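I have placed the structure first, in the form of structure tokens, so that the comments after it can refer back to it.
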Amino acid sequence: MSGVHPSAIIEDGAQLGEGCVVGPFCLIGPQVVLGDRVELKSHVIVTGDTQIGEDTVIFPFAVIGEVPQDLKYQGEDTRLIIGARNRIREHVTMNPGTKGGGGITRVGDDGLFMAGCHVAHDAQIGDRVILVNNAAVAGHCLLEDDVIVGGMSGIHQWVRVGRGAIIGALTKVTNDVIPYGLVQAPRGELDGLNLVGLKRRGVPRSDITALRAAFQMLAQGEGTFQDRARRLGEETDSEYVRQIVEFVMGDSDRSFLTPGS
């Protein structure tokens, strides 16, 4: 352990890995586990049964692991597990789970959580997720890998957002978002595919073409949205299209944003 400022409070029982840096006026609770080389800049609170992965950096005035903002929470033992190499900026809040939601909030690796954003109880956040300033993810949400949520946007509780999707700024999302979808407008409309993100990740042109054709079929094909997805699964050879099919055919508590909805 190294670099603990004398004004920081580390309660008995807390575990700090090798090379951790704890800045001025930080508070670390007795059940907290910090991985190697975690850095708390200053005025950071980490409390509750919270585990933070190696090389994560948390910036001033973030509150990590405080009790859920849920009136049903009755003080039961629940957890917050944060992966490695995350950047958690100023005034971010992340809450542990609740008994009714499985008891664990999870955040993956390599995420960027910009100033003022919120991850609520029982949310499941994948790898390389970006929440832009003041974005809010409500309880029980699932955000798969490589999702980007624009500034001041809100994700309704129980919503699933598929991998590689992007949510524009100032957007309210109340239904599930297919993988690689592009959602924008105040009421959250599925407006296309995240083509910029696909190209940046080096997705082959053939797969991007297949995704565009799949989106058109989902938008204009016959039958229900699930019927169209099922036919896509029978016809496609693209792994990326199959990811959309599997997502649509999975369990949903909120139904789906559909093209043109």
Side-chain angles (χ1 to χ4, degrees), residues 35 51-57 80-89 92 94 97 101-102 104-114 117-132 135-151 153-169 171 173 175-184 188 190 192-204 207-208 210-211 214-215 229 232-233 236 238-254 256-257:
Q51 176 180 319
I52 299 177
E54 62 186 30
D55 297 306
T56 290
V57 181
L80 169 62
I81 300 176
I82 299 172
R85 299 177 302 280
N86 287 288
R87 296 295 178 268
I88 300 173
R89 295 302 306 245
V92 169
M94 294 184 178
I104 299 178
T105 303
R106 295 183 187 274
V107 175
D109 300 333
D110 301 298
L112 173 58
F113 301 87
M114 296 188 191
C117 69
H118 176 62
V119 176
H121 59 88
D122 306 294
Q124 308 295 307
I125 309 294
D127 298 337
R128 299 175 300 280
V129 167
I130 299 175
L131 301 186
V132 181
V137 177
H140 313 282
C141 288
L142 169 66
L143 274 60
E144 295 186 344
D145 297 345
D146 301 302
V147 166
I148 298 174
V149 180
S153 293
I155 312 297
H156 192 283
Q157 57 262 38
W158 300 102
V159 161
R160 300 182 303 148
V161 181
R163 68 177 59 201
I166 186 168
I167 311 299
T171 299
V173 181
N175 299 98
D176 291 357
V177 179
I178 61 172
Y180 312 110
L182 165 64
V183 175
Q184 55 187 354
L190 181 59
L193 295 170
N194 183 13
L195 296 174
V196 172
L198 290 165
K199 292 173 182 177
R200 285 177 176 173
R201 283 193 289 274
V203 174
D207 282 305
I208 293 177
L211 283 167
F215 187 85
L232 275 175
T236 188
S238 170
E239 178 60 30
Y240 291 87
V241 176
R242 289 190 184 280
Q243 290 171 17
I244 293 179
V245 172
E246 291 172 2
F247 186 88
V248 173
M249 302 311 296
D251 294 333
S252 173
D253 291 291
R254 297 292 304 174
F256 295 89
L257 290 178

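This one's a predicted model, so the numbers in the text were calculated from it and none came from an experiment. In what follows, residues are counted from 1 in the order of the sequence shown.
With Met94 as the partner, the side chain to side chain contact (heavy atoms under 4.5 Å, CB included) test is satisfied by one option alone out of Ile82, Ile125, Thr105, Val137: Ile82.
The structure places CE of Met249 at 13.5 Å from CD1 of Ile244, a figure rounded to the nearest 0.5 Å. Atom-to-atom distance recorded for Leu182:CG and Leu193:CG is 8.0 Å, nearest 0.5 angstrom. The CZ atom of Arg201 sits 9.5 Å away from atom CD1 of Ile208, with the distance rounded to the nearest 0.5 Å.
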(request) Evaluate side chain to side chain contact (heavy atoms under 4.5 Å, CB included) for Arg163 paired with Val147, printing each intermediate quantity in order. (result) CA-CA 6 Å; Arg163 68 177 59 201; Val147 166; 5.6 Å; no
(message) Under the criterion side chain to side chain contact (heavy atoms under 4.5 Å, CB included), I'd like the reasoning laid out for Ile130 against Met114: C-alpha separation, chi angles, the key distance, then a yes or no.
(response) CA-CA 8 Å; Ile130 299 175; Met114 296 188 191; 4.1 Å; yes
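His140 pairs by the ring-ring contact (aromatic ring centres under 6.0 Å, His included) definition with His121, Trp158, not counting sequence neighbours. Taking Leu142 as the reference, Gln124, Glu144, Arg160 meet the side chain to side chain contact (heavy atoms under 4.5 Å, CB included) condition, with sequence neighbours excluded. Qualifying side-chain hydrogen bond (donor to acceptor under 3.5 Å, both in side chains) partners for Asp207, counting only residues two or more places apart in sequence or in other chains: Ser238. In this structure Asp55 satisfies the side-chain hydrogen bond (donor to acceptor under 3.5 Å, both in side chains) test together with Arg37, sequence neighbours excluded. Asp122 meets the salt bridge (Lys or Arg N to Asp or Glu O under 4.0 Å) test with no other residue; sequence neighbours excluded. Applying the side-chain hydrogen bond (donor to acceptor under 3.5 Å, both in side chains) criterion to Glu54, with sequence neighbours excluded, gives no partner residue. Here Ile81 pairs with Gln51, Arg79, Ile104, Arg106 under the side chain to side chain contact (heavy atoms under 4.5 Å, CB included) rule; sequence neighbours left out. Shown here are the ring-ring contact (aromatic ring centres under 6.0 Å, His included) partners of Tyr240, two or more places apart in sequence or in another chain: Tyr180. Checked against side-chain hydrogen bond (donor to acceptor under 3.5 Å, both in side chains), Arg128 has the following partners two or more places apart in sequence or in another chain: Asp146. Applying the side chain to side chain contact (heavy atoms under 4.5 Å, CB included) test to Ala120 and every residue at least two apart in sequence or in another chain returns His118.
Considering only heavy atoms from C-beta on, Val159 stays 4.5 Å or farther from Asp253 through its side chain. Considering only heavy atoms from C-beta on, Ile88 stays 4.5 Å or farther from Val57 through its side chain. Proximity of Leu112 to Leu131: side-chain heavy atoms (C-beta onward) are nowhere separated by under 4.5 Å. Counting heavy atoms from C-beta on, the side chains of Val129 and Asp145 never come closer than 4.5 Å. Using a 4.5 Å heavy-atom cutoff, the side chains of Val177 and Phe256 are not in contact. Side-chain atoms of Ile178 and Leu190, non-hydrogen and from C-beta on, do get closer than 4.5 Å to each other. Counting heavy atoms from C-beta on, the side chains of Ile148 and Ile167 never come closer than 4.5 Å. At least one side-chain heavy atom of Val149 sits under 4.5 Å from a side-chain heavy atom of Ile155.
Ala229 and Val248 get closest at one heavy-atom pair: CB-CG1, 3.7 Å. Among all heavy-atom pairs drawn from Gln184 and Thr171, the shortest one is CA-OG1, 3.9 Å. Residues Cys141 and Gln157 come closest through the heavy atom pair SG-CA, 3.9 Å.
The side-chain hydrogen bond (donor to acceptor under 3.5 Å, both in side chains) pairs that include a residue from residues 80-89 are Arg85-Asp110, where partners are two or more places apart or lie in different chains.
The main-chain N or O of Ala210 is never found under 3.5 Å from a side-chain atom of Thr236 such that the two would form a donor-acceptor pair.
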